[in-house]
Amino acid sequence: NDSSLAYSVGVTLDRFIKKKQDDFPFASGELSQLLRDIALATKIVNRETNRAGLANIGGAFGQTNVQGEEQQKLDVIANIRFTRALTKGGEVCAVVSEEDDEVIDLQNSSGKYVVAIDPLDGSSNIDVNISIGTIFSIYRRVTPVGSPIQLEDIMQPGSKQVAAGYVLYGSSTMLVYTTGCGVNGFTYEQSLGEFFLSHPEMKAPEDGKIFSVNEGASKTFSKGLNAYLDTCKSREYSARYIGSLVADFHRNLLKGGIYIYPETAKNPEGKLRLLYEANALAFIAEQAGAAATDGSQRILDIQPTSLHQRTPLYIGSKKMVEEAMSFVGKDN
Ligand code: AHG
Ligand code: MN
Ligand code: MN
Ligand code: MN
C-alpha cells in the first residue's frame, strides 16, 4: 500500500536537513552539521537507553547534581555522549547542561553556536521502563567568534533560539525539531540506524481535552489553577501525566492538550528549567501553532538571569493555555 511505499522511499533526516539548507542559499551548513551531530549522539543514547537494564547502567550514579537531584547513571552517560558529540562536531563553543553546574566551555574558537541541553528528561522513569527524552536549544553566540565566551552568549531569551528539538525514547524513538520554519518529526528505524520523516509540518490542535499536571501537589496550587482544573474535570477531560515532560508534551502536541507545572510549595518557582526545558519546547510549541507561558508571559520573552533558573510552565493547545491564563491571572 502507498504508506509502505512512502516508507521505503522515505526522506531521511540527513536528506531533509540538506534540502532545508538548500532553501537557504546563504546557509553555511554549520547548523546542518550541528543537527547531524545531535542526531548521532541521539542514536548512541537510544542504544544505551534500550540496554540500560542489561548493561548495569540503570539506577543511581551516586552523586547529586546542581539541581539537588540524585543523578541517574543514564543522566551522566547521556550528558557525556552529547557533550562529546558537540565537542567533536566543532560547531559549538559552549554548552549549558542540566547535569553541569557551570557553562561547559568547549575551547572551540571557531564555534558559532551555544547549546542548552537536558540530556535525559524524566530520569525518574528510567528504571521503570517508561518513556524518557532529551531536550535541546541552539543559539548563535552574540560576541565575536574566537573571543572568550561571555554571559550574554549564554543568557539569551528563548526568542533568540535558531533551533530547538527533543528526542522521545518511547515505543518508538522520535526526533522532533524546528529551525523556525515549522516543526518536523522523524522516527528512528533501528535496523537501518536512520531517522525517517514520519510527521511532516506538525501542527497542534488549537483546543484539546487532555490536561497533564501532578495533582499530588494540588493542595499547594493557587486558587485560580485549582478552579481551572475543576473546570477541566466538569467537562470530563482526560487526566494524563507520565512524569516525563517530553512524553507529555509530545502527546499533547499531537492530540491537543495542556501540560502544567506550576509554582508549588516544594518548587516555588516551578520545577522545570528555563534554559534547557521550557525554552526549547516553547519554541516548538509556537512553531506548531500552540502556546507556552509562565502563567503570565510568553516563555520565549523571559530574559534569563541564572543558568539553572526554574519557571512555571503552561504549555500546549493555544485555547487551553489562554483559558488556563484567564483563571490563573485572577490569582494576583
Ligand atoms: P528531569 O528528569 O530532566 O530532571 O526532568 C523531570 C521533570 C519532567 O520531565 C517531568 O515532567 C517532571 O520533572 C516530573 O516532576 P514531578 O515528579 O514533580 O511531577
Ligand atoms: Mn533531572
Ligand atoms: Mn527534564
Ligand atoms: Mn534531565
Side-chain angles (χ1 to χ4, degrees), residues 38 41-42 44-46 48-49 52 57-83 85-86 95-104 115-128 130-137 158 161 164-170 173-177 212-214 217 241-253 259-262 264 266-267 269-285 292 294 299 304 306-316:
I38 289 174
T42 295
I44 297 168
V45 172
N46 177 59
E48 277 159 343
T49 301
I57 49 177
F61 177 61
Q63 281 180 14
T64 305
N65 62 14
V66 67
Q67 327 283 341
E69 299 166 344
E70 194 187 21
Q71 284 177 312
Q72 300 302 298
K73 285 180 192 159
L74 263 181
D75 279 325
V76 175
I77 290 169
N79 194 38
I80 291 167
R81 292 295 187 184
F82 280 105
T83 310
L86 295 176
V95 173
V96 176
S97 166
E98 179 199 348
E99 306 304 335
D100 283 271
D101 307 8
E102 305 301 328
V103 175
I104 309 166
V115 173
I117 188 162
D118 176 358
L120 208 72
D121 172 71
S123 309
S124 62
N125 283 327
I126 295 171
D127 288 354
V128 294
I130 290 173
S131 303
I132 49 184
T134 295
I135 310 171
F136 61 89
S137 274
Q161 290 174 87
Y166 61 84
V167 184
L168 178 54
Y169 310 96
T173 292
M174 279 194 68
L175 171 66
V176 175
Y177 79 94
S212 310
V213 64
N214 184 343
Y241 191 75
I242 300 169
S244 284
L245 170 61
V246 169
D248 279 315
F249 175 78
H250 182 73
R251 184 213 44 248
N252 291 347
L253 193 68
Y259 174 98
I260 299 173
Y261 205 111
T264 66
K266 200 164 145 243
N267 290 295
E269 298 294 314
K271 175 183 183 184
L272 300 170
R273 282 59 51 118
L274 178 65
L275 262 67
Y276 39 79
E277 286 172 314
N279 271 339
L281 299 187
F283 186 20
I284 291 167
D294 68 354
I299 291 290
S306 86
L307 221 46
H308 301 286
Q309 76 184 65
R310 298 172 192 266
T311 173
L313 181 63
Y314 294 70
I315 188 167

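We count ligands from 1, going down the list as the structure has it; atoms in each ligand are counted the same way. Computed from heavy atoms alone, side chains included, the values below leave out hydrogens, waters and symmetry copies. This one's a predicted model, so the numbers in the text were calculated from it and none came from an experiment. Counting from 1, the numbers follow the sequence of the chain as shown.
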For the Mn ion (ligand 4): the N/O/S atom of Asp118 at shortest distance: OD1
Degrees at the Mn ion (ligand 2) between the OE1 atom of Glu69 and the OE2 atom of Glu98, nearest 10°: 90°
Check against side-chain hydrogen bond (donor to acceptor under 3.5 Å, both in side chains), Asn79 and Asp100: CA-CA 9 Å; Asn79 194 38; Asp100 283 271; 2.6 Å; yes
Test item: Gln309 side-chain N/O and Ser306 main-chain N/O as donor-acceptor pair under 3.5 Å: yes
Basic-acidic side-chain contact under 4.0 Å: Arg273, Glu69: yes
Qualifying residue, where the test is side chain to side chain contact (heavy atoms under 4.5 Å, CB included) with Tyr259 and the options are Val213, Leu253, Leu272, Ile242: Leu272
Glu277 N/O/S atom closer than 2.8 Å to the Mn ion (ligand 4): no
Heteroatom test (N, O or S) for Leu120 near the Mn ion (ligand 4), limit 2.8 Å: yes
Which atom of Asp121 approaches the Mn ion (ligand 3) most closely (N/O/S): OD1
Residue pair Gln161 / Asn279: nearest heavy atoms and the distance that separates them: NE2-O, 2.9 Å
